[in-house]
Amino acid sequence: MLTILEQLDKGSLWQSPGGIHPPQLKTLSNQSAISRLPLAKRFVVPVPLVGEQATLTVTVGDKVLKGQILTEGAGFTYLPVHAPTSGQIIAIKQHATNHPSSLPTLSCIIEADGQDTWCDLTPNSLNQLSKPQILDKIKQAGIAGMGGAAFPSHVKLNPASEIDLVIINGIECEPYITSDDRLMRDHSHEIMSGVGVINHLLNPQRIIIAIEDNKPEAAQAMQDALNRSDLPKGVVRVTVIPTKYPSGGEKQLIQIITGKEVPSGAIPAQLGIVVHNVGTAYAIQEAIYQGKPLIERVVTLTGEHIGQPGNYWLPIGTTVADALQSVKFIESAEQKVIVGGPMMGYALAELDVPILKGTNCLLVPSQNEIAPDVDEKACIRCGECAVACPALLLPQQLFWHAKAEEYDKAASFNLKDCIECGCCSYVCPSDIPLVEYYRVAKSALKIEAEEKRQAEQAKIRFETRLQRLEDEKNAREAKAKEAAAKRQANMKSSDKDAVAAAMARIAAKKAQVTTAPSTASSTETATQTSQAVVDPKKAAVNAAIERAKAKKAAQASAARNDTLDSTSESVIVDDKQAKIAAAVARAKAKKAAQINQTDMVPTEVEPSTDIIDDKKARVAAAVANAKAKKITKENQTDETALAPQPTAEIESTTDIEASTDPIDDKKARVAAAVAKAKAKKLAQANQTDVTILAPHPTTDIESTTDLEATTDLIDDKKARVAVAVAKAKAKKLAQANQADEADTTIESIANDSITAQHTETPPTLKHEIASGSDTRLIINDDSAAYLTPEQIKKAKVAAAVAKAKAKKLAKSAEQEEH
Amino acid sequence: MAFKIASSPHVSTSLHTNTVMKRVALCLIPGIAVQSYYFGLGTLIQLFLAVSVAYLAEAAVMKLRHKNIKATLSDNSALVTASLLAVAIPPLAPWWLIVIGTLFAIVIVKQLYGGLGNNVFNPAMAAYVLLLISFPVQMTSWVAPQTIALNHADLVSSLQSIFELNAQYSAEYFRTGVDGITMATPLDTLKTDLSMGLTTTESLAKPIFSGMTTQSWFWVNMAYLAGGLIMLKLKVIRWHISGAIIASVFVCASFGFLISPDTFVSPLMHLFSGGTMLAAFFIATDPVTAATSPRGRLIFGAMIGVLIYLIRTFGGYPDAVAFAVLLANMCAPFIDYYVRPRSYGHRTGN
């Protein structure tokens, strides 16, 4: 450091790489002293920290004085906000702010009373205050870096490490801007007082006031002020450096003054260096010696479209529109209003935005002052950007990767070290807006990093959840196993029989499907005596159907049925089933039935579904006889889809299973009847309705078979009605009507059943049902057996009623429909 | 009111791509003038042909690519490519040679790679190599230089020769040439002689090296050097590539010459003969196909210089500029990847 100090004292300078020499155009605004503009009527004071670090101390309608604190809060980087003038708070709302995005920020809108009355100020001198008190005063004055970044100054004045060198930045390298230039010329003494405060706080070995050689008047004024001041002579020094953009950049200035580079990602304080703007020094002095908070700043209003270019004291919160209005702003088409200089400034989208602490310039250029909007051309890799880059980057490579959205590669070319000075864009012969590409790439990288962080978090959460689910699953399984073991123990008697029966049915079914001769093999497999309890019933139903439709086959099966009554051997059951299969074939539903059956077999695994399927096959046969092959087939498929669900759930007694049988059985009859009645289509619709309705009761395991039987009746009757209606030749109308009826009649079961008095049943049907009931009785299915005759009767009644009143019903249906 | 939004910076220099390209083309003028003085008006006819074909070809490709024809043509890059190819080929070469070369350069080497800024190889040099390999006879027959340009081949005879209106053209035609005035270049002769066991001194004693021939090539190179220096002054190019080429050719040639003056050509002969200066200032400095960082460009230039020397001395072709440039083009992305400047704040060991 010693040699560096010597070199600092000698005034030696180092070369900063890159840089450009754009036209300065500073004389436009630095010819006259800083002046004031008439006080605006309305001020917009953003309070962005409210809600995060601070709370508002005022509400709408409050009267405020100039310099009054509007927020209070805590936090390392918290800065209070002050009222720029006296007046009334007329609103606290989201308002567009001075930012490239113009995004709204919570702001206090103050209506000035024109008095500009100060609140109570407490001026101090340095020896009255301790260092923490000075820092607090600077903090309470709301002083932020005046160079543009607006970083809270008290933080930089209270560093963690020792500060050897303070650089007071009076470079102002951007073209057009002269606010620091004029401040140094007009208020050099005050700045020097501020430097004194900084010296007092940081006690560095050297303080360098750096000024570019294009501001000789300012440098002279500062030198004079330094000579007049009581600052130790050996410590503070005014150094004039060659004009080059961007020498005013913090890192570049440090390099020029000390030859050191701030390591990437580090701050100058790590080198023992702090840089403060001259404007900040002025504000510090105001805060300590005058007690005034930072509520106004010097702003350069310049550009060819400003009538009176120059530097003005503008209260923070003055809107850009008001400021421009009072300096005779000439608006043109495609006008740009730039906040900051032409190199790094941003164009405003709207003018009703406030002047902020870091707003050093408003540039309102004419068309010939700024680059015209031209299309970007191909990069010819001329490398001029790399020559101009003060950060020694390869802008052409950064551009190449940024454009291809290979942001990781751009990052590998040190994208984050880009200071966005704009030198590369300035020199680009192909008019490529390089800085814009870098900004996009930088934000993309930022978002990517954020997403990565979130994904990491989500991953942890997800893995925790998986673990939890796994644990829960294991616990559940263990519980289920336990329950199953318990059930097994309980099933020892009758329940176990049911399961066994079901198993036997599967075997029987398989045998049946393959062909009749395979009975022998299936007999071997089925040994359980209890199987007979269930199977006979099924078989009986099947047999009944066969008898009705194909007398020959039916007779054979009936004989076997009788045998079944006396015995409960599974051998007989299987035998019978084989016969039934043969009967089905004989029942002239060859193709249809077969296809149906084979289709069903592979899919059915649940023992209880077999019963239904088996029956269904019969139904198919019956329907086939009725010459409605295709239609019923479709029906059946519907049934299969619906039926297994409820039956699968049935874990209890066969009684319930049996009870489903009658329903389906009856349905089959109904289908046949309907078919015979030559109302094929109608029946189809009806049946589907029935199937949809029927299975539901069975799902309620607890419910009695009586209930189920009643639903059967309903369906049965409906079917008759359908037939009647069909006969009445009101096919289409009736169909619609029926569908309605299917839904409505459920509630009026009782009435319907009462009306059933006279019956004319075909003998075959009677017989079939009787035999069916017989078998059921044998199976001890009391309830089912009890119900079946009733059903039959009711069905007949329904049919009769339907036949008798077909026309009337059709008519009424018609009326109802309309 | 609506205000114009734009990203900073809001100002820029006036040196645009089209200006850069135009300046490159203008800086070629001294070289072209001297070349025409010594080798006749054929160069100018070739130039006219090349530029016309280049613009037509580029316009056609732009039309096919649905791009703005005017914007592309006005960047003047086709002009530079065509000019470089035109001055590189023998002045009295048949018209189809330059047409094929230009079409290849513009359509295949440049536009098929994505147009200006995206081509991997220097279009003019790639075309030159194509022509050299495909039509070696036509590509190595240079007109014998004469003091007064009008003396040997006037405009009409040049046109006749180029457009093959003279019915007697053949491969031999270019050897004997219009009135027997075409001949091999000095470098070609020297190479042939050295391979036949002659020493450089013996070879240099030949008439081709006395008087007009060597002198003409020297002055042509000097003219290109002058043009190059103007470009440097105008900051159209940076010194790194040119400097590295000249330095490396000079170092290599001096080394060889000091070891064995009898079998190796003198450094001056290397620098001011053939296309050395043209390559150093106008061809290798094409930024698109060169390395981009200053250090990378030094390596790129040195590589070209060494390759020129090696190919000239040990290779099968008398001149090596095109091959050297193309080989270096291939290495440019590699150089760029590995030779990166140290960014601010990334001091090594810090």
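In what follows, every chain begins at residue 1, and chains take the letters A, B, ... in the order their sequences are listed. Computed from heavy atoms alone, side chains included, the values below leave out hydrogens, waters and symmetry copies. Quantities reported herein were computed from a predicted structural model and do not represent experimental measurements.
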Cut-off 4.5 Å, heavy atoms of chain B, and the answer for A/Val374 is neither

Turns out that what part of A/Glu369 lies under 4.5 Å from chain B's heavy atoms comes down to backbone

### Task
Give a yes or no on whether a salt bridge exists between B/Glu58 and B/Lys110, defined as a side-chain N under 4.0 angstrom from a carboxylate O.
yes

Looking only at A/Asp431, A/Asp417, A/Ile370, A/Ile380, the option with the highest number of non-hydrogen pairs under 4.5 Å against chain B is A/Ile380

Most contact-rich option vs chain B, by heavy-atom pairs under 4.5 angstrom, among A/Ala391, A/Gly18, A/Cys389, A/Ala378, is A/Ala391

So, the part of A/Ser412 with a heavy atom under 4.5 Å from chain B: the answer is both

Can you check side chain to side chain contact (heavy atoms under 4.5 Å, CB included) on A/Leu445 and A/Leu415, steps first, answer last? CA-CA 10 Å; A/Leu445 281 169; A/Leu415 175 65; 3.6 Å; yes

Interface check, chain A: of B/Gly117, B/Pro9, B/Ala290, most non-hydrogen pairs under 4.5 Å belong to B/Pro9

From the list A/Ile419, A/Leu393, A/Val262, the residue making the most non-hydrogen contacts under 4.5 Å with chain B is A/Val262

Of A/Gly422, A/Pro390, A/Ser264, the largest count of non-hydrogen pairs under 4.5 angstrom with chain B goes to A/Ser264

Q. Within a radius of less than 6.0 Å around CG of A/Asp375, do more than 12 heavy atoms belonging to other residues, nucleotides or ligands occur?
A. no

Could you tell me whether B/Lys22 atom NZ has more than 12 heavy atoms of other residues or ligands within 6.0 Å of it?
no

Heavy atoms of A/Ser332 and A/His305 approach each other most closely as OG-CE1, 3.2 Å

Under 4.5 Å to a heavy atom of chain A? For B/Leu116 that would be both

In terms of heavy-atom pairs under 4.5 Å with chain B, the winner among A/Gly383, A/Pro342, A/Gly341 is A/Pro342

When the 4.5 angstrom heavy-atom criterion is applied to B/Ala71 and chain A, the contacting part is neither

Honestly, the part of A/Cys382 sitting under 4.5 Å from a heavy atom of chain B is both

- Pairwise side-chain contact, A/Leu394 with B/Ser293, heavy-atom cut-off 4.5 Å (strictly under): yes

B/Tyr337 six-ring centre to B/Arg340 NZ/CZ under 6.0 Å and within 45° of normal = yes

Counting heavy-atom pairs under 4.5 Å with chain A, the top scorer among B/Ile237, B/Thr17, B/Asn18, B/Leu15 is B/Thr17

Task: Between A/Ser101 and A/His99: side-chain donor-acceptor atoms closer than 3.5 Å - done: yes

Cut-off 3.5 Å, side chains only: do A/Gln255 and B/Tyr344 have a donor facing an acceptor?
no

If you tally heavy-atom pairs under 4.5 Å between each of A/Gln252, A/Arg439, A/Lys377, A/Lys251 and chain B, the highest tally belongs to A/Lys251

The interface call for A/Glu436 against chain B, heavy-atom contacts under 4.5 Å, is both

Pairwise side-chain contact, A/Glu406 with A/Asp408, heavy-atom cut-off 4.5 Å (strictly under):
yes

